[in-house]
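The structure under discussion appears below in the form of structure tokens.
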Amino acid sequence: MTISIARRAFSRLPELHGVLIGSGFVQLGGMAFTMLLGIQLARVLGPVNYGIYGTAMAFVSLLGAPAQAGLPVFATREASRAVANGSRTSLKSLFFWFLPRTILIASLTAFIGLLIAAVLNKDTLLSRIAEGSASAALIIALALSAVLGALLRGIGLNIIGQAVDMVAKPAITSALILFFVLLSGKLTVADALFLQLAATGACVLIAVRFYFSRSKGYPEKHSVYRPGRWWGVVTAYTAHSLLAVFNGNYPILMAGLICSAADTGILRVALSATALLALPSSIANIATLPIVARQSAEHDHTAVYKTLGHTTIAATFCTAMILLIVIIFGRSIISFLFGPAYSSAYSSVVVLGIANLFVSFFGITGSYLNMTGREQIVVKAFIVSVVVGSISAFLLGRVYGIIGISAGAVITNAAWHFYVFVVHRHEVQVPLFVGTAIKHVLQRRI
């Protein structure tokens with residue numbers, strides 16, 4: 001029955017069908033190349049230097065959200081609107097609006113980050129000229145890559161925009177490292193950072209080439225892009241990103257406070273193992289975001305309903321299938337991949353899997369609200385859910401350990417969706433819940 005509903009939903013939306021499948025392959029390919037790069041660096045650098053490299057990349061990742069300042073999400077929304085029917089916005093002016101602002105914001109973020117790091121500890125890695133310069137430049141290059149990938153997705157190159165950022169970047173970095181080691185016979189931390197910078201720069205150039213090549217396929221438009229009061233929107237997107245980062249990391253922080261080091265390590269394994277369970281919702285969000293933005297800009301409400309409803313069904317079905325496999329074979333898989341010592345992570349993986357399944361029940365709610373000008377609701381929902389989830393994880397963790405902290409993730413997701421679908425129920429009048437979506441498909445309304 002469920003398979004029949006999913007097949008019927010997909011058969012009516014060839015564009016969505018292709019994008020979701022293509023995005024799935026891109027995400028899996030990106031995961032494979034990223035894992036290959038990690039193994040490669042760990043073997044070549046050795047434990048000590050790999051740890052130093054990890055510190056530098058943690059610094060780069062930490063400053064990633066403020067450096068990008070919510071511009072990738074904003075770029076996808078605005079590019080999708082620019083190519084919508086009835087728009088007169090020049091795609092060239094859109095590109096040159098985002099380019100300098102991305103460079104400026106990322107440069108300021110990198111400079112302030114390096115300054116703070118140098119003041120806090122003069123002997124730190126980041127105060128060294130080579131590593132510090134490479135880290136700062138990488139922050140800027142990664143921000144540019146993220147924004148350009150978002151622009152590509154917005155103008156219709158959805159799969160290419162994802163592939164350049166998720167697959168090409170780690171693949172080129174891996175190839176450069178292999179070539180460099182074969183030539184020089186060694187690799188330092190600074191070398192690894194500069195090679196990653198070179199790969200990211202190459203991806204930026206590739207994205208620019210695809211953007212202007214694709215732009216020629218659209219009718220020429222002459223209206224200069226002027227977004228109006230854009231700062232409030234990107235501030236909301238930035239807050240959303242920062243809260244999402246905290247939401248993804250507070251279980252480990254909480255475990256470090258109230259659990260043993262061994263239990264914290266087991267929870268880290270559980271969180272790593274549940275990445276696959278989060279993949280369907282992740283694919284649904286990144287694949288359908290530009291489609292929903294374009295359809296909303298064209299005021300095609302029927303198309304929006306179809307995209308949202310079918311995406312929710314697909315995400316729920318795939319997440320449920322993965323969770324079923326985890327429930328049946330999870331303990332054996334964890335023991336095989338991570339070792340028998342981590343088999344106790346199974347219970348936490350199942351609980352976290354339930355949290356991911358709950359999220360999939362409501363499709364791409366956050367992305368839909370962001371794309372339709374209601375990003376403030378998303379930020380408020382995150383604030384409420386993070387506070388409720390953190391308190392719940394702390395209280396449950398003190399009694400039930402890492403299982404209680406994992407249960408906090410379920411409560412976090414429940415609080416987020418309660419705020420959106422109950423407190424702001426009048427703002428969400430589309431079939432985002434899986435039950436409503438299935439009902440509409442069975443009645444052939446979407």
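All values reported here derive from a predicted model rather than from experimental measurement.
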Is there a donor-acceptor pair closer than 3.5 Å between any side-chain N or O of Tyr346 and the backbone N or O of Ile327? yes

Between Leu71 and Ile105, which heavy-atom pair has the shortest distance, and what is it? CD1-CD1, 4.1 Å

Residues 382-399 vs salt bridge (charged side-chain N to carboxylate O under 4.0 Å, His left out), sequence neighbours excluded, gives none

Just how far is it from atom CD1 of Ile172 to atom CG of Leu195, taken to the nearest 0.5 Å? 12.0 Å

Should the ring pair Phe362 and Phe421 be called parallel, tilted or perpendicular, given that the plane angle runs from 0 to 90° and is split at 30 and 60? tilted

Can you list the residues that meet the side-chain contact (heavy atoms from CB on, under 4.5 Å) rule with Ala355, with sequence neighbours excluded? Ala409, Val410, Asn413

Any side-chain heavy atom of Thr412 within less than 4.5 Å of one from Ser392? no

Could you state the interatomic distance from CG (Leu108) to CD1 (Ile139), rounded to the nearest 0.5 Å? 12.0 Å

The criterion is side-chain contact (heavy atoms from CB on, under 4.5 Å); which residues satisfy it with Ala171, sequence neighbours excluded? Phe33

Do Val359 and Trp416 come within less than 4.5 Å of each other through their side chains, counting heavy atoms only? no

Heavy-atom side-chain proximity of Lys169 to Leu142 below 4.5 angstrom: yes

Suppose we screen for ring-ring contact (aromatic ring centres under 6.0 Å, His included). Which residues come up paired with Phe329, at least two apart in sequence or across chains? none

Given side chains that start at C-beta, do those of Leu279 and Ile322 come closer than 4.5 Å, heavy atoms only? no

dist Cys203:SG -> Phe210:CZ (nearest 0.5 Å) comes out at 11.0 Å

Under 4.5 Å between any side-chain heavy atoms of Leu395 and Tyr400, yes or no? no

Side chain of Ser213, backbone of Arg209: donor and acceptor closer than 3.5 Å? no

Rounded to the nearest 0.5 angstrom, the OG1-CG distance for Thr200 and Leu138 is 5.0 Å

For the residue pair Phe96 and Phe212, categorise the inter-ring angle as parallel (less than 30°), tilted (30 to 60°) or perpendicular (more than 60°). tilted

Using the test side-chain contact (heavy atoms from CB on, under 4.5 Å), find all partners of Leu178 that sit at least two apart in sequence or belong to another chain. Gln40, Leu182

In Å, rounded to the nearest 0.5 Å, how long is the span from OG of Ser385 to CD1 of Ile411? 12.0 Å

Could you grab the distance from atom CG of Leu99 to atom OH of Tyr211, nearest 0.5 Å is fine? 11.0 Å

Within the structure provided, determine whether Ile103 and Ser107 are in side-chain contact (heavy-atom separation under 4.5 Å). yes

Contacts under 3.5 angstrom, residues 143-150 side chains, donor-acceptor by atom type, not counting sequence neighbours:
from	atom 1	to	atom 2	distance (Å)
Ser145	OG	Asp165	OD1	3.0

Between Trp97 and Glu78, is the side-chain contact (heavy atoms from CB on, under 4.5 Å) condition met? List the steps. CA-CA 11 Å; Trp97 187 93; Glu78 297 303 286; over 6 Å; no

Between Ser174 and Pro170 (side chain of the first, backbone of the second, donor and acceptor by atom type, cut-off under 3.5 Å), is there such a pair? no

